[in-house]
Number of protein chains: 2
Amino acid sequence: MGIAEGSLYKAFRDKRGVFLAAFERYVMLRSERLAQELANTRTGRDKVRAILAVYAEYSHGKTGRRGCLVVGSAVDLASSDPEMAKRVAAVLASQERRLVEFIREGQEDGSVSSRLDAAVSARLLLCVAQGMRVLGKTGRSRGEMASLVDSALKLLD
Amino acid sequence: MGIAEGSLYKAFRDKRGVFLAAFERYVMLRSERLAQELANTRTGRDKVRAILAVYAEYSHGKTGRRGCLVVGSAVDLASSDPEMAKRVAAVLASQERRLVEFIREGQEDGSVSSRLDAAVSARLLLCVAQGMRVLGKTGRSRGEMASLVDSALKLLD
DNA sequence: GATAATAGGAAACGATCACTTCCTAATCAA
DNA sequence: TTGATTAGGAAGTGATCGTTTCCTATTATC
């Protein structure tokens, strides 16, 4: 075992404390990984593509089957734990805002149609991303997931 | 209580038996509701729109917060219960096939671009639908969900 | 109305779970 | 090396859970 029960209860108040810390850590790691991918992008469209590509990567094979802690928390905890509901909503809202930002950026650099409603498009792309993680639970190949990325970008035309 | 413990164990083998029956019933009810909505459609694109509209309806407000049993099963049970994993995968695959069918239908009646890869587009639209149910867990308005429908249909252009 | 079948529900069971207590072993600073 | 802090871990506690047993109402059948 990586950590013993005795030490665990010295480091964390209770089971929920462990989970909150794990959730926070999960979100942070995922955010760092995304930032890393975003470093190699130029246009707004490229940034949206990078986000979707990361989700496609996470959603395939074994990793996909393991699932996403944010989605799992939304599904399992949001109805019974108001604090967790708040945190999950905050994470999704943050991703949504980032998508809005990248879409607007794309509209300025010409890589995204200026006729689009950035808010609606961002929400829709967030659905695509979270939906990937749901489909990924049923075991999908890298190809199945990766092919969704470019097709989804059609939404920005 | 609607049903007593004594009677419950006479009608079902165990807890899992209750769940399997509930799952089956849930899928059937949802399928009937969808068939009802599809009755008033003409083109392939209209049929896709109907599917998305039903998901948007289910995903908003209180119903959205309650969540979807299929998504919940995918997230919670698919990793630990192979039989449930199979059932969840079967339900999603069935919806995916139906979307493929409607897209092809749309390509023939001219309401959907013939340049599209029907399989990829169907998978992508399924992501949108399942993603709506995830976002819906965080409490979204009818308007927020409904506006996604027409935007998503852009994928069929 | 008698009889059989079914629903309702209390009580108890073993198992598991989250958690506490308490003691020992390892680590580290002085 | 000594003394103090921290990790590891066994054992026990109370609560909850899934399930079984058994008995009493209720309902349906003839």
Side-chain angles (χ1 to χ4, degrees), chain A residues 1-32 62-92 133-134 136-139, chain B residues 1-33 58 62-92 133-134 136-139:
Chain A
M1 289 289 260
I3 191 167
E5 200 177 9
S7 314
L8 220 173
Y9 278 97
K10 282 164 196 158
F12 301 94
R13 186 202 305 260
D14 54 15
K15 189 192 175 191
R16 194 159 173 280
V18 179
F19 185 79
L20 289 178
F23 185 84
E24 213 164 310
R25 180 184 141 89
Y26 179 86
V27 171
M28 206 196 63
L29 289 179
R30 293 271 272 82
S31 162
E32 284 173 2
K62 200 176 161 186
T63 324
R65 280 206 139 91
R66 191 179 305 128
C68 169
L69 191 56
V70 175
V71 173
S73 302
V75 169
D76 293 329
L77 272 27
S79 304
S80 60
D81 186 332
E83 165 67 18
M84 275 308 303
K86 224 178 66 184
R87 298 204 184 197
V88 168
V91 171
L92 292 183
R133 303 242 52 175
V134 175
K137 287 292 293 185
T138 70
Chain B
M1 288 290 265
I3 191 165
E5 201 176 8
S7 314
L8 220 173
Y9 276 98
K10 282 163 198 160
F12 301 95
R13 187 202 303 262
D14 55 13
K15 188 194 175 189
R16 194 160 173 280
V18 179
F19 184 79
L20 289 178
F23 185 84
E24 215 163 309
R25 178 183 142 88
Y26 179 86
V27 170
M28 207 196 63
L29 289 178
R30 294 270 272 83
S31 162
E32 285 172 2
R33 162 72 190 274
Y58 278 130
K62 202 177 160 185
T63 322
R65 281 205 138 92
R66 190 178 307 129
C68 169
L69 191 55
V70 176
V71 173
S73 302
V75 169
D76 293 330
L77 271 28
S79 305
S80 59
D81 186 332
E83 166 66 18
M84 275 308 303
K86 223 178 67 184
R87 298 204 184 196
V88 168
V91 171
L92 292 184
R133 303 242 52 174
V134 174
K137 287 293 293 184
T138 70

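Bear in mind that the values here come from a model prediction, so they are computed numbers and not experimental data. Per chain, numbering begins at 1; letters A, B, ... match sequence-line order.
Summarising the geometry of A:A85 relative to A:A78, their closest heavy-atom pair is CB-O, 3.4 Å, with the distance given to 0.1 Å. Of all heavy-atom pairs between B:R133 and B:Y58, the closest is NH2-O, 3.2 Å.
Fit an axis to the five pairs at each end of the helix from C:dG1-D:dC30 to C:dA30-D:dT1 and the two axes sit 20° apart, to the nearest 10 degrees.
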Which donor-acceptor pairs under 3.5 Å do side chains of residues 65-77 of chain B form with protein atoms, sequence neighbours excluded?
| residue | atom | partner | partner atom | Å |
| --- | --- | --- | --- | --- |
| B:S73 | OG | B:L69 | O | 2.6 |

Scan the side chains in residues 3-13 of chain A for donor-acceptor partners under 3.5 Å anywhere in the protein, sequence neighbours excluded, and list what turns up.
none

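For B:R30, there are no salt bridge (Lys or Arg N to Asp or Glu O under 4.0 Å) partners two or more places apart in sequence or in a different chain. With sequence neighbours excluded, the residues forming a side chain to side chain donor-acceptor pair (under 3.5 Å) with B:S79 are A:K137, listed by chain and number. In this structure B:E32 satisfies the side chain to side chain donor-acceptor pair (under 3.5 Å) test with no other residue, sequence neighbours excluded. Legend: residues meeting side chain to side chain donor-acceptor pair (under 3.5 Å) with B:R16, ordered by chain and number and at least two apart, are B:D81.
Look at CG on A:L8: it is 14 Å from C1' on D:dT6, rounded to the nearest Å.
Proximity of B:S7 to the phosphate of C:dT6: no side-chain N or O atom is located under 4.0 Å from OP1 or OP2.
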Do any N or O atoms of the protein come closer than 3.5 Å to N or O atoms of nucleotides 19-26 of chain C, and which pairs are they?
| residue | atom | partner | partner atom | Å |
| --- | --- | --- | --- | --- |
| C:dC19 | OP2 | A:Y9 | OH | 3.2 |
| C:dC19 | OP2 | A:K15 | N | 2.7 |
| C:dC19 | N4 | A:E5 | OE2 | 2.7 |

